Enquirer: 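Below are the structure tokens for one structure; questions will follow.
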Amino acid sequence: MLFDGVAFPPRSSERHPAQLDVTQANALSLRVDGKIISCDQQCADVSAPVGNLPVRFKFPDGWVFVVERTTEVSHWLERNRRSSKVDKIEANWMAWLLSVLVCIGVVLGSYFYALPWASDKVAKTLPDYVAVALGDKILESFDNSWQESELSPQAQQEIRQRVTQHVEQLEALPYPVEVVFRSSELGANAFALPGGKIVLLDELVALADNEQQLDSIILHELGHIHHRHMVKKLVHSSLLSVGVALLTGESSGVVDNLAGLGVFFISNGHSREAELEADAYARQAMLTLYGSSEPMAEMFELFKQQEMLEPPEWMSTHPDFEQRIQAARE
């Protein structure tokens, strides 16, 4: 059997048309430029075959013969036990399936365990001034669509003083707390930003029937600050974006949109966990400050009444209100 290919002289890149004779058992003969170069098969260095890449035969005297991967070449490699582990895996569908499952397991394990762990570590080591700058930037972006608060300066100051008094009685927070007021079409809501800022919308202040109900929501936002949820989420999103770019090799709009949709459904579970952690912090703080978390349950009931159409629980970033009301009253 003859294999057609090209040969290279020792320490040279000059190409020569050549043939490799593998007819004789345990022997190789290279025919090039009218010469025959022979050696024992075991003395030749045969490159490990990978996929459809060419196969390289190196003779003891330095001549190199390169042949394209064909069916005949593959059969010879198998008969002479020259097939690589990669070749054997490629030919074994069970190994393919196992490899796919392992890859899926690594990706899922990285997302659900390694990524949250890394996000938590990075968030804790991130300098405070970076988190504060992020919060300022986010608020600046929101202010493009939000309006100035219509609450009186006196009402705003009273709430700020009350929050300051509450913070002094609770466990130390990672950042100084700053309460800012805005008005928005988002309705009754509040937001904790990186770096310790809490945004209260006028509609939330109007919805609360008393100070304790409003404070329960403010304490919930303090819970987000206590656990550094927003910083962790920003770090998590950044690491995930880098991971997607590395896996896909590009960051086109299509990939970004698909990744964004997938991340939306997958990350909802993490958002609900963060909300439950903030609820637990607020519940304990209400017990410390007021001796009861009933106002928190009452506030959730007011929120529930505001919901005209509540989305399915798996599509909501917040836990079900019934679940939160029950937890607040336990």
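In this text the structure is predicted, and so the values were computed from the model without any measurement.
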Enquirer: Sub-3.5 Å donor-acceptor pair from the side chain of Q213 to the main-chain atoms of A208, do we have one?
Expert: no

Enquirer: Can you measure from CD (Q41) to CG (N26) and round to the nearest 0.5 angstrom?
Expert: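 One gets 5.5 Å once the value is rounded to the nearest 0.5 Å.
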
Enquirer: To the nearest 0.5 Å, tell me how far D215 CG sits from L222 CG.
Expert: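 If I round to the nearest 0.5 Å, the distance is 9.5 Å.
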
Enquirer: Would a hydrophobic clustering, with Ile, Leu, Val, Met, Phe, Trp and Tyr connected at side-chain separations under 4.5 Å, put L53 with V66?
Expert: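 L53 does not cluster with V66.
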
Enquirer: Where does the angle between the aromatic ring planes of F3 and W76 fall among parallel (under 30°), tilted (30 to 60°) and perpendicular (over 60°)?
Expert: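 Perpendicular.
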
Enquirer: H224 pairs by side chain to side chain donor-acceptor pair (under 3.5 Å) with which of R228, H220, H226, H227?
Expert: H220

Enquirer: Rounded to the nearest 0.5 Å, what's the gap from NE2 on H75 to CE on M1? Could you check?
Expert: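 That separation rounds to 9.0 Å.
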
Enquirer: So, R329 and E301, do they make that salt bridge, N to O below 4.0 Å?
Expert: yes

Enquirer: Restricting to non-hydrogen atoms, name the atom on V199 and the atom on W146 that form the minimum distance, rounded to 0.1 Å.
Expert: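 Nearest heavy atoms, V199 then W146: CG1-CZ3, 3.5 Å.
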
Enquirer: So does W63 get a backbone contact from the side chain of D61, meaning a donor-acceptor N/O pair under 3.5 Å?
Expert: yes

Enquirer: Who passes side chain to side chain contact (heavy atoms under 4.5 Å, CB included) against E178, sequence neighbours left out?
Expert: V180, K197

Enquirer: Report, as yes or no, whether the 6.0 Å neighbourhood of atom CD on Q147 holds more than 12 heavy atoms from other residues, nucleotides or ligands.
Expert: yes

Enquirer: Which label fits F142 and F191: parallel for a plane angle under 30°, tilted from 30 to 60°, or perpendicular past 60°?
Expert: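 Rings of F142 and F191: tilted, 30 to 60°.
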
Enquirer: Please tabulate, for side-chain N and O atoms in residues 10-22, each donor-acceptor pair with protein atoms closer than 3.5 Å (sequence neighbours left out).
Expert:
unit_1 : atom_1 : unit_2 : atom_2 : d
S12    : OG     : E14    : N      : 3.1
H16    : ND1    : D33    : OD2    : 2.9
Q19    : NE2    : D4     : OD1    : 2.8
D21    : OD1    : T23    : N      : 2.8
D21    : OD1    : T23    : OG1    : 2.7
D21    : OD2    : R31    : NH2    : 3.1

Enquirer: Output yes when a side-chain donor or acceptor of Q156 lies under 3.5 Å from a complementary backbone atom of L151, and no otherwise.
Expert: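 It does hold such a pair.
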
Enquirer: Would the distance check show the side chain of R160 and the main-chain N or O of V179 forming a donor-acceptor pair, the cut-off being under 3.5 Å?
Expert: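 Yes.
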
Enquirer: Side chains of E275 and H229: do they bring a donor and an acceptor to under 3.5 Å?
Expert: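 No donor-acceptor contact under 3.5 Å links the two side chains.
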
Enquirer: Quick one: pull up CZ in F57 and CG in D45 and give me the separation to the nearest 0.5 Å.
Expert: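 Output value for this atom pair is 10.5 Å.
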
Enquirer: Is the gap between the ring centers of Y290 and H166 under 6.0 Å?
Expert: yes

Enquirer: Between Q157 (side chain only) and P153 (backbone N and O only), is there a donor and an acceptor less than 3.5 Å apart?
Expert: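 Side chain of Q157 to backbone of P153: no pair is present.
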
Enquirer: Within a 6.0 Å radius of atom CD on Q169, are there more than 12 heavy atoms belonging to other residues, nucleotides or ligands?
Expert: yes

Enquirer: Tell me whether the rings of F300 and F303 are parallel (<30°), tilted (30 to 60°) or perpendicular (>60°).
Expert: tilted

Enquirer: Is there a donor-acceptor contact under 3.5 Å linking the side chains of S38 and S29?
Expert: yes

Enquirer: I need the single residue from N189, D143, D202 that forms a side chain to side chain donor-acceptor pair (under 3.5 Å) with R182. Which is it?
Expert: D143

Enquirer: May I ask you to decide if E148's main-chain N or O and E150's side chain share a donor-acceptor pair within less than 3.5 Å?
Expert: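 Between the backbone of E148 and the side chain of E150 there is no qualifying donor-acceptor contact (under 3.5 Å).
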
Enquirer: Would you say S293's side chain and R283's backbone share a donor-acceptor pair under 3.5 angstrom?
Expert: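 Not confirmed, S293 side chain does not pair with R283 backbone.
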
